[in-house]
Undergrad: 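Okay, here's the structure, questions in a sec.
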Amino acid sequence: MRDDAIRRVVIVGGGTAGWMAAAAMSRVLGEMPGLTIELIESDEIGTVGVGEATIPQIVLFNKMLGLDEAQFMRETRATYKLGIEFVDWVRPGHRYVHPFGSYGLDMKGIEFHHFWLKGQALGDTTPLDAYSLAIVAGLQGRFGHPRPDQPGSPLSKLSYAFQFDAGLYAQLLRRLAEANGVRRIEGRIVAAERDGETGHVSAVALAAGTRVAGDLFIDCSGFRGLLIEGEMQAGFEDWSAWLPCDRAVAVPCAHGGDRQPLTRSTARAAGWQWRIPLQHRIGNGYVYASDYLSDDEAAATLLANLDGAPLADPRFLRFTAGHRRRAWVGNVVALGLAGGFLEPLESTSIHLVQSAIARLLTYWPTRRFDRVEIDKFNAAHVADYLDIRDFLVLHYKATQRRDTAFWDYCRMLAPPPGLAEKLAVFAANGRVFREHDELFTETSWLSVMVGQGVAAGGYHPAADLLSDAETLSRLNHIRRVVEETAHLLPRQDELLAHYGCAMTGVAA
């Protein structure tokens, strides 16, 4: 082992972020000689447990950890997720789905949606949703795994994610991490020691008097940012002007309603309500802006719109949308809520943890902590948040609602520059572009722009390589193939039962 290698990693805080970091690091780096990984958490401190809904990248994370999917589904009470259904966002009574996977079939070297736009210009009123297998199957309560070995099938470009109990996921990852040698230390941190020469954190002190020293500290302490802000003063970039929601109230409820493999987001008077169906319960919450709605009003709205009986008292969270200006300072790296927070409108909370872990493993430091690599890490951290922010703001900006002061504020909001450019390009000729490696693909941007009623001013000229009749004929054929493929997929409940999942409250 090189002389300047990291020997002691200390993860501050458990929860989803902490145990994701512990499981990943022990899996990838666990055999490095001389390396120890310790995680400090206190049973006295609850975890936020956000992020029950995920995006498709979580499938890759679980595979990297070597998790068996059937076991994972059983132990975390997970369900499958094929997208997010947005209800009442454009106006009351309107709905659309942001799917995982693609629409239709690209033709003549251009994206499918240009042929759909041409069809609309010819008078075909079929919505874009009808060309997505994820949407059609999801609304029918059906699920199937992608089949990349079937290039002509809509299954070849399907993607999926999970909805799971974040607390049970953390427990599963804890078992994996501890089996890989991670040592858990029970205790509440009351102080930190700094090196007088470098300014690095050298150790943390626990309430019981224990001192835990380390070379690298991973701050997973949540909103507080115990080390990254409390000690290293990383700074926070406040985005509440673009994303004014600053509160959430959450409550689980008994199962009821449908069993679609979709997360649902329903617009409310001053924000939106999430609905995440798991095997054994439904996760619910109302994200709202306190300038426009009181806590009592938010809780009353949430409780009045549950599918079943509440299973706990409503729990309130306060937050500010934004991110740490530097997620890595000295020898402290922030993950999860300690690194920033963006409302879970597109289920990105767990992905941001996963992305930061992957980046940290890429730039795994020595005890020199080279500045150039830390700067690269921090720049990528900010880019992640910027990309997601612009995508979230799109949902609010492109609304037609005029029923409350909150929606008036959102509709009149000047969009961030990156979003403004995307809207202008789409409005010109229906083109959608993706910057660098931003998280959301062209399909995601297309789905929300079309779903939110953003009008395209035209379509790619190459779509006219097909005659009008041929265009309509192919659209009809693709739509029929999607519908027939969806009908052949099993219902999600059948698949989960095949895995041995013990579901409760299954609707007939």
Undergrad: Please determine whether side chain to side chain contact (heavy atoms under 4.5 Å, CB included) holds for the pair Ile350 and Thr16, giving the CA-CA distance in whole Å, both sets of side-chain angles, and the decisive distance to 0.1 Å.
TA: CA-CA 8 Å; Ile350 285 181; Thr16 310; 4.1 Å; yes
Undergrad: Answer whether the closest heavy-atom distance between the side chains of Ile228 and Val329 falls below 4.5 Å.
TA: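 They are in side-chain contact.
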Undergrad: Within a 6.0 Å radius of atom CG on Asp437, are there more than 12 heavy atoms belonging to other residues, nucleotides or ligands?
TA: no
Undergrad: Give a yes or no on whether the backbone of Arg8 and the side-chain of Asp215 come within a donor-acceptor separation of less than 3.5 Å.
TA: yes
Undergrad: Between Ser132 (side chain only) and Ile135 (backbone N and O only), is there a donor and an acceptor less than 3.5 Å apart?
TA: yes
Undergrad: Any side-chain heavy atom of Trp445 within less than 4.5 Å of one from Glu438?
TA: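 Of all side-chain heavy-atom pairs linking Glu438 with Trp445, at least one is under 4.5 Å.
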Undergrad: Do Asp106 side-chain atoms and Phe112 backbone N/O form a donor-acceptor pair below 3.5 Å?
TA: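 Side chain of Asp106 to backbone of Phe112, a donor-acceptor pair under 3.5 Å: yes, one is there.
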Undergrad: What are the two closest heavy atoms between Pro146 and Leu158, and how far apart are they?
TA: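 Heavy-atom minimum between the residues: CG-O, 3.2 Å.
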Undergrad: Who passes salt bridge (charged side-chain N to carboxylate O under 4.0 Å, His left out) against Arg95, sequence neighbours left out?
TA: Glu85
Undergrad: Check for a donor-acceptor pair, side chain of His498 on one end and backbone N or O of Asp493 on the other, with a separation under 3.5 Å.
TA: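 Looks like no, no N/O pair under 3.5 Å.
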Undergrad: Would you say the side chains of Trp274 and Glu343 form a donor-acceptor pair under 3.5 Å?
TA: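 Side-chain D/A pair, Trp274 to Glu343: absent.
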Undergrad: Nearest 0.5 Å please: distance from the CZ atom of Arg389 over to the CG atom of Leu386.
TA: 5.0 Å
Undergrad: With a 4.5 Å heavy-atom cut-off, do Leu128 and Leu446 have their side chains touching?
TA: yes
Undergrad: What are the two closest heavy atoms between Ala299 and Phe316, and how far apart are they?
TA: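 Ala299 and Phe316 have their closest heavy atoms at CB-CZ, 3.9 Å.
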Undergrad: So that I know where these two stand, are Trp328 and His381 an aromatic pair - ring centroids less than 6.0 Å apart?
TA: no
Undergrad: Check Val10 against Ala213 and note the closest heavy-atom contact, atom names and distance.
TA: CG2-O, 3.5 Å
Undergrad: Using distance alone, with no hydrogens and no angle criterion, decide if Glu52 and Tyr169 have a side-chain donor and acceptor under 3.5 Å apart.
TA: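 No, no side-chain donor-acceptor pair sits under 3.5 Å.
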Undergrad: Which pair of heavy atoms, one from Leu206 and one from Gly187, lies closest together, and at what distance?
TA: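 Smallest interatomic distance, heavy atoms only, reads CD1-CA, 4.2 Å.
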Undergrad: Kindly confirm or rule out a cation-pi arrangement of Arg359 over Phe377, judged by NZ or CZ under 6.0 Å from the six-membered ring centre and within 45° of its axis?
TA: yes
Undergrad: Can you confirm if the aromatic rings of Phe162 and Phe72 lie within a centre distance of less than 6.0 Å?
TA: yes
Undergrad: Check side chain to side chain contact (heavy atoms under 4.5 Å, CB included) between Ser444 and all other residues, then give those that pass, not counting sequence neighbours.
TA: His98, Phe391, Phe440, Thr441
Undergrad: Of all residues at least two apart in sequence or in a different chain, which pass the side chain to side chain donor-acceptor pair (under 3.5 Å) check with Thr79?
TA: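 For Thr79 the side chain to side chain donor-acceptor pair (under 3.5 Å) partners, ignoring immediate neighbours, are Gln163.
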Undergrad: Testing the basics here: between Thr263 and Ala53, what is the closest heavy-atom pair and its distance to 0.1 Å?
TA: OG1-CB, 3.6 Å
Undergrad: Is there a side-chain contact between Asp219 and Val333 (heavy atoms, below 4.5 Å)?
TA: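 Counting from C-beta outward, Asp219 and Val333 never come under 4.5 Å.
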Undergrad: Any heavy-atom pair between the side chains of Met20 and Leu173 that's under 4.5 Å?
TA: yes
Undergrad: Would you check if Thr54 and Ser347 make a side-chain contact, meaning some heavy-atom pair closer than 4.5 Å?
TA: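 Contact flag for Thr54/Ser347 side chains = no.
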Undergrad: Hey, is CZ on Arg211 packed in by over 12 heavy atoms from elsewhere, all under 6.0 Å?
TA: yes
Undergrad: Measure from the ring center of His395 to the ring center of Phe86 and say whether it is less than 6.0 Å.
TA: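 Ring centres of Phe86 and His395 closer than 6.0 Å.
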Undergrad: Do Pro344 and Trp272 have side chains that get closer than 4.5 Å, going by heavy atoms?
TA: yes
Undergrad: Testing the 3.5 Å rule here: is there a donor-acceptor pair between the side chains of Tyr286 and Arg268?
TA: no
Undergrad: As a test of understanding, state which of Glu178, Glu38, Glu41 forms a side chain to side chain donor-acceptor pair (under 3.5 Å) with Arg184.
TA: Glu41
Undergrad: Would you call the rings of Phe223 and Phe319 parallel, tilted or perpendicular if under 30° counts as parallel and over 60° as perpendicular?
TA: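 Ring orientation, 0 to 90° scale: parallel.
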Undergrad: State whether the side chain of Asp68 and the backbone N or O of Gly66 hold a donor-acceptor pair below 3.5 Å, judged by distance alone.
TA: no
Undergrad: Do side-chain atoms of Ser26 reach the backbone of Ala23 as a donor and acceptor pair under 3.5 angstrom?
TA: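 A pair under 3.5 Å: yes.
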Undergrad: Applying side chain to side chain donor-acceptor pair (under 3.5 Å), name anything that partners Ser265, two or more places apart in sequence or on another chain.
TA: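 For Ser265 the side chain to side chain donor-acceptor pair (under 3.5 Å) partners, ignoring immediate neighbours, are Trp89.
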Undergrad: Below 6.0 angstrom between ring centroids: does that apply to Tyr160 and His145?
TA: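 Ring-ring flag for Tyr160/His145: true, centres closer than 6.0 Å.
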Undergrad: Do the side chain of Arg367 and the main chain of Ala5 share a donor and acceptor less than 3.5 angstrom apart?
TA: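 The answer is yes, because a donor-acceptor pair under 3.5 Å joins these two groups.
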Undergrad: In sequence, state the C-alpha distance, the side-chain angles, and the governing distance for Glu111 and Tyr103, and then conclude on side chain to side chain donor-acceptor pair (under 3.5 Å).
TA: CA-CA 9 Å; Glu111 299 94 336; Tyr103 292 100; over 6 Å; no
Undergrad: If only atom types and distance count, is the side chain of Glu69 paired as donor or acceptor with the main-chain N or O of Val59 below 3.5 Å?
TA: no
Undergrad: Among all residues two or more places apart in sequence or in another chain, which pass the salt bridge (charged side-chain N to carboxylate O under 4.0 Å, His left out) test with Glu237?
TA: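 For Glu237 the salt bridge (charged side-chain N to carboxylate O under 4.0 Å, His left out) partners, ignoring immediate neighbours, are Arg325.
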Undergrad: Go through the structure and list residues passing salt bridge (charged side-chain N to carboxylate O under 4.0 Å, His left out) with Arg491, not counting sequence neighbours.
TA: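 Checked Arg491 against salt bridge (charged side-chain N to carboxylate O under 4.0 Å, His left out); zero matches.
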Undergrad: For residues Met232 and Val201, report the shortest heavy-atom separation together with the two atoms involved.
TA: SD-CG2, 4.0 Å
Undergrad: Step through it carefully: locate the ring centre of His200, locate the ring centre of Phe369, and say whether they are under 6.0 Å apart.
TA: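 Ring-ring flag for His200/Phe369: true, centres closer than 6.0 Å.
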Undergrad: Would you tell me whether Tyr288 and Asp246 have side-chain atoms, one donor and one acceptor, within less than 3.5 Å of each other?
TA: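 Looking only at side-chain atoms, Asp246 and Tyr288 do not form any donor-acceptor pair under 3.5 Å.
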Undergrad: Between the main-chain N or O of Asn305 and the side-chain N or O of Gln273, is there a donor-acceptor pair closer than 3.5 Å?
TA: yes
Undergrad: Are Asp390 and Tyr385 close enough that a side-chain donor and a side-chain acceptor fall under 3.5 Å?
TA: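 On atom types as modelled, these side chains do not qualify, holding no pair under 3.5 Å.
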Undergrad: Does a salt bridge link Arg77 with Asp165, judged by any charged N lying under 4.0 Å from a carboxylate O?
TA: no
Undergrad: To the nearest 0.5 Å, tell me how far Leu352 CG sits from His323 NE2.
TA: 11.0 Å
Undergrad: Do the side chains of Pro365 and Ile6 get nearer than 4.5 Å, heavy atoms only?
TA: yes
Undergrad: Could you please spell out the steps behind the side chain to side chain donor-acceptor pair (under 3.5 Å) verdict for Gln140 and Glu483?
TA: CA-CA 10 Å; Gln140 294 179 7; Glu483 180 67 33; 3.2 Å; yes
